[in-house]
Amino acid sequence: MTIDLGFAWLRLAGGDEIGIVDVPGHQDFIRNMLAGVGPVDAVLLVVALDEGVMPQTLEHLAILRVLGVDRGVVALTKRDLVDEEWALLARADVAAALRGTPLGGAPMIEVSATAKTGLTELVAALEAVLRTAPARRDLGRPRLAIDRAFTLTGFGTVVTGTLVDGVFAAGDEIEILPTGQRARVRGIQTHKRALELASPGSRVALNLSGVEKGELARGMVVVRPGTLASVSVLSARVEILASASGALVHDESVKVHAGTAEVMARASLLEGPTLDAGGSGWVQLRLAEPLAVAVGDRFVIRRPSPPETLGGGAVADISGERMRRREAVAVLERRSAPTAASRLLAALDVPRTPAEAGARSGVETGERDAAARELVESGRAVQLADALLARESFEALATRIERTLAATHRRSPLRAGAPREEIRSSLDLASKRFNALVERLARDGRIAERGSALALVGHAPTLTAAQEAAWSRARVALAREPLQPPSPALLESEYGLDREVVAALAERGDLVRIGTEAVFLPEAVARFADAVVSELAAAGTITVARARDLTGSSRKHVLPLLGFLDDRGLTRRSGDDRILVLPPEQARERVATLTGRKKVTQ
């Protein structure tokens, strides 16, 4: 009697080879059966004609349905041990058992190993069924669930399994999950033939260097580093078999079988206290040990005592997010939507690259890129630098920014706005994504960029009546000697214009601040700049002393004014002199723009 997995292969008449995983049929070894049946393309269901359908056969059929295995061939064995009448009765019994299952229309081939009858027909039926199986997907994320690990003399550590979702090549670095150990693929074999490359769907033996056999076990998964993570919580819509002895109860302990792994879990029901036999509902499984699974992977749950198969489903979410029960169902429904675009959109609740969103939603590369284009073109998602964000989430971020700016304007009406970096930190966005968000909102006319600050478009620093009166008095003082104005400290002590009021006046264009210790009227800056530009156009260079004498200013004020022209790209230092960088007329236009005034002539 088979008690563990067995492995073989067969060359078909057309030249193709198929791998065969022999799984135990006895009910005492269901756990071993589950470790081998997960990734198959088709099933060969064996029923002995002299015994007929057994209880474990029915359980196997239920498991196949839960795992989504929907094609196969039925081998009716030991034909030589029964007469025609018995064979017809047994055949009818099998057909009745298969009715309503994925194998309901499967071909049934009578065979006898001893008489060598029906074998050719059985192989032909297998070949025909496998031709209808969909091609294995290459998602660029190869993974191999280990079903055996052993040491081979002269080679070292070897693991075997069925490769899915990508390609492994000799020399590849790999990671073992859930332990996170790193190793390297020394060699690859399929059906005892050495390969440089193993493709999805192959039965593969990987010769690994850098890891010992004792560190490996059935249930671990071989992946490319960083392409898959182990999870402790997974969510899925679970179907309970109609044949289950009783309902699944909230917080009940169950065994989860996924790939070749078996772990205990607590079932958190999201739609009620129980899930009745024959029903289905959303369930969050809190795993006792980490499990390496991807969205879309199918799994089986069993009751540990008394042992029975309860049902199973397909993984819909592996984020591990804590969600309120009433919200969780809506979120999970979106993440398991029928179209690739809808599933991808559900993963864009925060900015994610298409690759990250695709991995999270189980959308393969080709579908992912097409879905991403569809979402952006339809406006259901927004591009933010390297990431995409669902329109709903984009609007939520935009609203947060607008509310923050409105609160800042109410709290500090004299400020130009809220510091850009302060808002970015509150949103916890990468700089390039935040910059793209701000650029989009500014382009849409929802916010304004004001230097290092952000503001609502309609916001302007607003002075009180008393501050306006103080500014009128200070303006007279500034205009008295425009190029030798009072210092900011004097403006505060004599006229009550503190630094915040000065900043507000500069924001609305009434003042020009240069550094922290110089304040000028815009027309004074324009007059100074015009005089310097005219001198440079005539003489080619200008010194600090010449600029002082030419404008009637002082060295204390000329230095920051010349620095202002340097910083704005009009002039450049050359030794102790300044030279003109722009043509004179262009320089004057730049000054007019910077000061908000038309050019001033002497």
Side-chain angles (χ1 to χ4, degrees), residues 134-143 164-167 199-200 223-229 231 234-237 292-298 314-321 323 327-401 424 427-444 446-447:
R136 289 294 186 133
R137 303 180 304 170
D138 184 350
L139 304 183
R141 185 188 61 196
R143 51 196 177 111
V164 298
D165 289 355
V167 171
S199 56
V223 300
R224 273 208 199 112
T227 59
L228 192 68
V231 299
L234 63 87
S235 300
R237 188 165 189 84
V293 292
V295 171
D297 285 359
R298 301 194 72 89
V315 176
D317 182 71
I318 54 174
S319 66
E321 297 171 4
M323 296 179 278
E327 295 174 352
V329 172
V331 171
L332 293 170
E333 290 284 2
R334 289 197 298 270
R335 291 180 182 175
S336 59
T339 67
S342 297
R343 293 197 303 277
L344 193 69
L345 184 65
L348 298 176
D349 51 328
V350 298
R352 291 190 172 93
T353 65
E356 291 168 342
R360 187 182 180 88
S361 58
V363 178
E364 62 177 285
T365 306
E367 286 184 320
R368 179 197 73 203
D369 295 341
R373 285 193 299 272
E374 178 188 334
L375 291 173
V376 173
E377 290 169 3
S378 67
R380 287 188 288 164
V382 177
Q383 184 91 41
L384 294 181
D386 63 330
L388 297 177
L389 180 65
R391 168 66 67 175
E392 183 179 326
S393 298
F394 171 84
E395 290 298 332
L397 282 182
T399 300
R400 280 181 63 186
I401 292 176
R424 188 199 69 78
L427 298 178
D428 194 26
L429 286 178
S431 293
K432 61 183 178 181
R433 295 176 183 176
F434 177 72
N435 292 340
L437 173 62
V438 168
E439 183 181 335
R440 176 73 178 250
L441 294 176
R443 190 168 65 246
D444 292 345
R446 299 176 67 168
I447 66 172

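We use all heavy atoms of the structure for the numbers below, so side chains are in, but hydrogens, waters and symmetry mates are not.
- A salt bridge is absent between Glu392 and Arg380; no separation between the charged side-chain nitrogens and carboxylate oxygens falls under 4.0 Å.
- Rounding to the nearest 0.5 Å places OG of Ser361 at 9.5 Å from CD of Glu367.
- No donor-acceptor pair under 3.5 Å is formed between the side chain of Asp297 and the backbone N or O of Val293.
- The shortest distance between side-chain heavy atoms of Asp349 and Ser393 falls below 4.5 Å.
- A heavy-atom distance below 4.5 Å is found between the side chains of Leu441 and Phe394.
- Asp386 is listed as a side-chain neighbour of Arg433, based on a closest heavy-atom distance under 4.5 Å.
- In this structure, the side chains of Leu345 and Arg334 stay at 4.5 Å or more apart for every pair of heavy atoms.
- The backbone N or O of Leu429 lies less than 3.5 Å from a partner atom in the side chain of Arg424, making a donor-acceptor pair.
- Heavy-atom minimum distance, Ala316 versus Ser336: CB-CB, 4.3 Å.
- Rounding to the nearest 0.5 Å gives a distance of 11.5 Å between CZ of Arg360 and CG of Leu344.
- At least one donor-acceptor pair closer than 3.5 Å links the side chain of Gln383 to the backbone N or O of Ala385.
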Intermediate values then yes/no, side-chain contact (heavy atoms from CB on, under 4.5 Å), Val223 and Arg141: CA-CA 7 Å; Val223 300; Arg141 185 188 61 196; over 6 Å; no
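- In this structure, the side chains of Val382 and Leu388 stay at 4.5 Å or more apart for every pair of heavy atoms.
- Looking at Glu395 and Arg391, a side-chain N of the basic residue comes within less than 4.0 Å of a carboxylate O on the acidic one, giving a salt bridge.
- No donor-acceptor pair under 3.5 Å is formed between the side chain of Arg298 and the backbone N or O of Val315.
- Proximity of Leu437 to Ile401: side-chain heavy atoms (C-beta onward) are separated by under 4.5 Å at one or more points.
- You'll find the side chain of Leu397 reaches within 4.5 Å of the side chain of Leu389, heavy atoms only.
- Here the closest heavy-atom approach between residue Ala355 and residue Arg368 is recorded as CA-NH1, 3.6 Å.
- Counting heavy atoms of neighbouring residues, nucleotides and ligands inside a 6.0 Å radius, atom CG of Asp428 does not exceed 12 of them.
- Residue Arg352 comes nearest to Ala347 through the heavy atom pair NH1-O, 2.6 Å, listed as atom of the first residue, atom of the second, then distance.
- Residues satisfying the side-chain contact (heavy atoms from CB on, under 4.5 Å) criterion with Asp138, sequence neighbours excluded, are Val167, Pro200.
- Put simply, the side chain of Arg343 gets close to the backbone of Ala337: a donor and an acceptor are under 3.5 Å apart.
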Criterion side-chain contact (heavy atoms from CB on, under 4.5 Å) on Leu375 and Leu348, from CA distance to verdict: CA-CA 11 Å; Leu375 291 173; Leu348 298 176; 4.1 Å; yes
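- Between Arg237 and Asp317, no side-chain nitrogen of the basic residue sits less than 4.0 Å from a carboxylate oxygen of the acidic one, so the salt-bridge criterion is not met.
- Checked for salt-bridge contact, Arg373 and Asp369 miss the test: no charged N lies under 4.0 Å from a carboxylate O.
- A search for side-chain contact (heavy atoms from CB on, under 4.5 Å) contacts involving Ala396 returns nothing, not counting sequence neighbours.
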